[in-house]
Amino acid sequence: QVQLVESGGGLVQTGGSLRLSCAASGLSSGNLAMAWFRQAPGKEREFVAGIRWSSGTTYYADSVKGRFTISRDNAKNSVSLQMNSLKPEDTAIYYCAARTGVVLATPKYDYWGQGTQVTVSS
């Protein structure tokens with residue numbers, strides 16, 4: 001049974017930082033892609049960052065490039081998203097996602113976490 005469990009969301013002021021984590025279980029890391037998406041009220045779910053597990057290759061949305069960093073921890077079977085210089089427009093529910101194959105910037109992932117709220121106050 002595949003499970004993705006996010007943690008680390010919260011309330012932060014503009015310019016602050018947060019670190020999200022996603023603990024994965026029941027997945028084989030051999031041909032795995034993991035990503036973070038976010039969804040703000042009234043908006044579609046959008047790609048934030050992704051990582052190819054085997055190579056560690058990372059991908060970012062233009063809106064977060066240079067501010068967010070995605071990384072993986074092989075020992076803990078987890079993926080993290082370090083978010084710096086946060087802006088009010090980063091406010092959303094953040095979801096961890098996983099699929100077999102390459103990283104996609106569309107939400108065509110097989111497995112999803114329950115989401116964690118990130119709120120950035122101005």
- Query: With a 4.5 Å heavy-atom cut-off, do T116 and I93 have their side chains touching?
  - Reply: no
- Query: If you round to the nearest 0.5 Å, how far is OG of S121 from CG of L11?
  - Reply: 5.0 Å
- Message: Could you measure the distance from the CD atom of Q117 to the CD atom of E6? Nearest 0.5 Å is fine.
- Response: 12.0 Å
- With sequence neighbours left out, what residues match N74 under side chain to side chain contact (heavy atoms under 4.5 Å, CB included)? W53, R72
- Query: Could you give the distance from CZ (F68) to CG (L18), rounded to the nearest 0.5 Å?
  - Reply: 9.0 Å
- Criterion salt bridge (Lys or Arg N to Asp or Glu O under 4.0 Å) on D90 and K87, from CA distance to verdict: CA-CA 5 Å; D90 294 318; K87 306 174 182 179; over 6 Å; no
- Return yes if some donor-acceptor pair links the side-chain N/O of Y109 with the main-chain N/O of A33 below 3.5 Å, else return no. no
- Message: Quick one: does any side-chain atom of R99 pair with a main-chain N or O of Y111 as donor and acceptor, under 3.5 Å?
- Response: no
- Please round to the nearest 0.5 Å and tell me the distance separating atom OG of S122 and atom CD of E89. 10.0 Å
- Item | Within 45° cone and under 6.0 Å: R38 NZ/CZ vs Y95 ring | no
- Is it true that a side-chain atom of N31 and a backbone atom of T100 form a donor plus acceptor pair closer than 3.5 Å? no
- Task: Just jot down the ring pair (Phe, Tyr, Trp, His ring centres under 6.0 Å) partners of F47, sequence neighbours excluded, or say none.
- Result: F37
- In this structure, OG1 of T14 is separated from CG of L86 (nearest 0.5 Å) by 8.5 Å
- Supply the atom-to-atom distance S21 OG to K76 NZ, rounded to the nearest 0.5 angstrom. 8.0 Å
- Message: Taking ring pair (Phe, Tyr, Trp, His ring centres under 6.0 Å) as the definition, give me every residue that meets it alongside Y94, ordered by chain and number, with sequence neighbours left out.
- Response: none
- Message: Is there a side-chain contact between S17 and Q82 in this structure, where contact means two heavy atoms from C-beta onward sitting under 4.5 Å apart?
- Response: yes
- Passes side chain to side chain contact (heavy atoms under 4.5 Å, CB included), T69 versus L81? Steps please. CA-CA 6 Å; T69 303; L81 184 69; over 6 Å; no
- Task: Please step through side chain to side chain contact (heavy atoms under 4.5 Å, CB included) for the pair V118 and T91, ending with a clear verdict.
- Result: CA-CA 5 Å; V118 171; T91 295; 5.9 Å; no
- Item | Beyond-backbone contact of L27 with L32, side-chain heavy atoms, under 4.5 angstrom | yes
- Message: Determine whether a donor-acceptor pair (N or O, by modelled atom type, separation under 3.5 Å) exists between the side chain of R67 and the backbone of S85.
- Response: yes
- Query: Is there a path from M34 to Y60 through hydrophobic residues (I, L, V, M, F, W, Y) whose side chains come within less than 4.5 Å of each other?
  - Reply: yes
- Message: Looking at every non-hydrogen atom in both residues, tell me the closest pair between A24 and L4 and how far apart they are.
- Response: CB-CD2, 3.6 Å
- Assess whether side chain to side chain contact (heavy atoms under 4.5 Å, CB included) is satisfied between M83 and W36, documenting all intermediate values. CA-CA 12 Å; M83 305 185 294; W36 288 94; over 6 Å; no
- Message: For the NZ atom on K65, are there more than 12 heavy atoms of other groups (residues, nucleotides or ligands in this structure) within a distance under 6.0 Å?
- Response: yes
- Task: Considering non-hydrogen atoms only, spot the tightest contact between V103 and R52 and give its length.
- Result: CG2-N, 3.9 Å
- Between R19 and N84: side-chain donor-acceptor atoms closer than 3.5 Å: no
- Query: Yes or no on side chain to side chain contact (heavy atoms under 4.5 Å, CB included) for C22 and S78, after CA distance, side-chain angles and deciding distance?
  - Reply: CA-CA 5 Å; C22 173; S78 66; 5.9 Å; no
- Is Y59 reaching over with its side chain to a backbone N or O of A105, donor-acceptor style, under 3.5 angstrom? no
- Message: Quick check: do V120 and Q13 have side-chain heavy atoms less than 4.5 Å from each other?
- Response: no
- Report whether V12 and V48 are members of the same hydrophobic cluster (ILVMFWY, side-chain heavy atoms less than 4.5 Å apart, transitive linking). yes
